[in-house]
Amino acid sequence: MAAMDVIVERLVSVWRIPLVRQKFPSLFLLISIVGTILRYQELVPQTYFSSSKNFVYVYFVKLSWGWTLLLLTPFLLISSSFSSSASYLIRCLLSLVVATFVWYVCTEAFLYIENVTGTCLESRTSVVATKGFTSKATCRQAGFHWQSLDISGHSFILTYSSLLIMEETSPMAFLRTAGLPALYRTALNLLYVALNLIVMTWVWMFFCISVYFHDPIDKFLGTMCGLLGWYVTYGCWYQRPFSPGLPLQQQLKKQKQQLKKQKQHA
């Protein structure tokens, strides 16, 4: 597994660059703006990814929160085995609960806003409203078009998931030299690489969505909600006492130092 160790080392080195972590959230705003310009200037040709039926969109983007939890949950559970304190495991689980709550509240809010701001039109090009339809579901079932503020849930979740993974995998810099059992270390390495690959996929699909789908205001609001969800938790709340807390890099560092001292005295 020497090759895997090299890959993990290089990925950790990239994320430890202060500029990368500082500018990564801004990348989503930049992509959203540039993607919108490219779309309206018609500078990007139609490709495989311009269809909402492409494999990555159907089986990854539409299930993006599931993929994020599927990979991040075992990573956090295995990483918590380094700490002898149950508080670290509780902190990991609470962070996922909070993240899932943010995801649920935002997606439900988007659906509510889409319903209350909508009008049922005869077609996409029509300006004539049809009476008797007060929800998107009933309007579409009748064969009409629902025109509303459709905040991009995919722009939101791809932004939020990427930033969540960035934060929760940050202790890997210490975990890779923490003296974990060989099986745990191998599993952690594989999950860490997979999580980085999924972040790359989310960034790429975020670009595709910015270029091919949604109105500018829908993408902008979705992206801002993702950034806000990350900032309110990791940038504000998690830095306060009564919270799940930030990923315990400093605690891990102290425990690593304590282990070294114990070995020296042994």
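Between Trp65 and Thr100 the shortest side-chain heavy-atom distance falls below 4.5 Å. When side chains are defined from C-beta on, Tyr104 counts as touching Glu108, because their heavy atoms get closer than 4.5 Å. At least one side-chain heavy atom of Ser79 sits under 4.5 Å from a side-chain heavy atom of Leu188. Residues Met205 and Leu158 meet the side-chain proximity criterion, which asks for heavy atoms closer than 4.5 Å. Within the 4.5 Å cutoff, side-chain heavy atoms of Ile37 are placed close to those of Gln41. The closest side-chain heavy-atom distance from Arg185 to Asp5 is below 4.5 Å. Here the side chains of Tyr234 and Leu246 are in contact, with some heavy-atom distance below 4.5 Å. Looking only at side-chain heavy atoms (C-beta outward), Thr119 and Ser148 stay at 4.5 Å or farther from each other.
With hydrogens and angles ignored, the 3.5 Å screen pairs no side-chain donor or acceptor of Ser32 with any backbone N or O of Leu29. With Trp237 contributing its side chain and Phe242 its backbone, the two residues share a donor-acceptor pair below 3.5 Å. Here the side chain of Glu167 pairs no donor or acceptor atom with the backbone of Leu163 at under 3.5 angstrom. Using modelled atom types, one side-chain atom of Asn54 and one backbone atom of Ser51 make a donor-acceptor pair closer than 3.5 Å. With hydrogens and angles ignored, the 3.5 Å screen pairs a side-chain donor or acceptor of Arg91 with a backbone N or O of Gly245. Using modelled atom types, no side-chain atom of Ser152 and backbone atom of Asp218 make a donor-acceptor pair closer than 3.5 Å. A donor-acceptor pair under 3.5 Å is formed between the side chain of Arg39 and the backbone N or O of His214.
No chain of hydrophobic side-chain contacts below 4.5 Å, direct or via other Ile, Leu, Val, Met, Phe, Trp or Tyr residues, connects Ile78 to Leu94. At a threshold of 4.5 Å between side-chain heavy atoms, the hydrophobic network of Ile, Leu, Val, Met, Phe, Trp and Tyr places Phe60 and Trp204 in one connected group. The hydrophobic clustering, which links ILVMFWY residues whose side-chain heavy atoms are closer than 4.5 Å, places Leu197 and Leu195 together. The hydrophobic clustering, which links ILVMFWY residues whose side-chain heavy atoms are closer than 4.5 Å, places Leu63 and Met200 together. Connection of Val116 to Phe144 is not established within any shared hydrophobic cluster, with ILVMFWY side chains joined at heavy-atom distances below 4.5 Å, either directly or through further cluster members.
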- Test log, rule disulfide bond (SG atoms under 2.5 Å apart), inputs Cys225 and Cys106: CA-CA 8 Å; Cys225 286; Cys106 287; 5.5 Å; no
- Task: Could you please spell out the steps behind the side-chain hydrogen bond (donor to acceptor under 3.5 Å, both in side chains) verdict for Thr36 and Lys219?
- Result: CA-CA 9 Å; Thr36 298; Lys219 290 180 289 189; 3.2 Å; yes
- Message: Checking Ile113 against Asp150 for the side-chain contact (heavy atoms from CB on, under 4.5 Å) test, could you report, in this order, the C-alpha distance in whole Å, the side-chain angles of both residues, the deciding distance, and whether it holds?
- Response: CA-CA 8 Å; Ile113 291 170; Asp150 182 17; over 6 Å; no
- From CA spacing to verdict: side-chain contact (heavy atoms from CB on, under 4.5 Å), Leu72, Thr169: CA-CA 8 Å; Leu72 192 55; Thr169 58; 4.3 Å; yes
- Message: Please evaluate residues Met166 and Ser170 with respect to the criterion side-chain contact (heavy atoms from CB on, under 4.5 Å), reporting the C-alpha separation (whole Å), side-chain torsions for both, the decisive distance (0.1 Å), and the verdict.
- Response: CA-CA 6 Å; Met166 177 190 74; Ser170 60; over 6 Å; no
- Message: One pair to check against side-chain contact (heavy atoms from CB on, under 4.5 Å): Leu164 and Thr233. What are the steps and the verdict?
- Response: CA-CA 10 Å; Leu164 175 69; Thr233 50; over 6 Å; no
- Message: side-chain hydrogen bond (donor to acceptor under 3.5 Å, both in side chains), that's the test. Do Tyr212 and Thr47 meet it? Break it down for me.
- Response: CA-CA 10 Å; Tyr212 296 120; Thr47 67; 3.2 Å; yes
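Classified by interplanar angle (parallel below 30°, tilted 30° to 60°, perpendicular above 60°), the ring pair Tyr160/Phe156 is parallel.
Taking CZ of Phe75 as the start and CD of Glu168 as the end, the distance is 9.0 Å to the nearest 0.5 Å. A distance of 9.5 Å separates CG of Leu76 from CG of Leu191, quoted to the nearest 0.5 Å. Put simply, CG on Leu111 and NZ on Lys136 are 7.5 Å apart, with the number rounded to the nearest 0.5 Å. Note: Leu30 CG to Thr223 OG1 = 11.5 Å, rounded to the nearest 0.5 Å. Put simply, CG on Leu121 and SG on Cys139 are 7.0 Å apart, with the number rounded to the nearest 0.5 Å. From Ile157, atom CD1 reaches atom OG1 of Thr68 across 6.5 Å, with rounding to the nearest 0.5 Å.
Shown are Val12, Val193, Asn189, Asn196; of these, the side chain to side chain contact (heavy atoms under 4.5 Å, CB included) with Ile7 is made only by Val193.
Residues satisfying the side-chain hydrogen bond (donor to acceptor under 3.5 Å, both in side chains) criterion with Ser243, sequence neighbours excluded, are absent altogether.
The two atoms that bring Ser95 and Pro244 nearest to each other are N-CB, 4.3 Å, heavy atoms only. Residues Arg240 and Cys236 approach most closely at CG-O, 3.7 Å, considering heavy atoms. Closest heavy-atom contact between Gly235 and Gln239: O-NE2, 3.0 Å. Closest of all the heavy-atom pairs between Ser52 and Val58 is O-CG2, 3.6 Å. The shortest non-hydrogen separation linking Gly229 to Val102 is CA-CG1, 4.3 Å.
Note: Phe24 and Trp15 meet the aromatic proximity criterion, with ring centroids under 6.0 Å apart. For His154 and Phe213, the ring centers sit 6.0 Å or farther from each other. Taking the six-membered ring for Trp and the full ring otherwise, the centers of Phe28 and Phe206 sit less than 6.0 Å from each other.
At most 12 heavy atoms of other shown residues, nucleotides or ligands fall within 6.0 angstrom of atom CZ in Phe220. Heavy-atom contacts from other residues, nucleotides or ligands closer than 6.0 Å to OH of Tyr59 number 12 or fewer. In Tyr48, the OH atom is crowded: over 12 heavy atoms of neighbouring residues, nucleotides or ligands sit closer than 6.0 Å. The number of heavy atoms from other shown groups lying within 6.0 Å of OH (Tyr184) does not exceed 12. By the 6.0 Å contact criterion, CH2 on Trp230 is enclosed, its count of non-hydrogen atoms from other residues, nucleotides or ligands being greater than 12.
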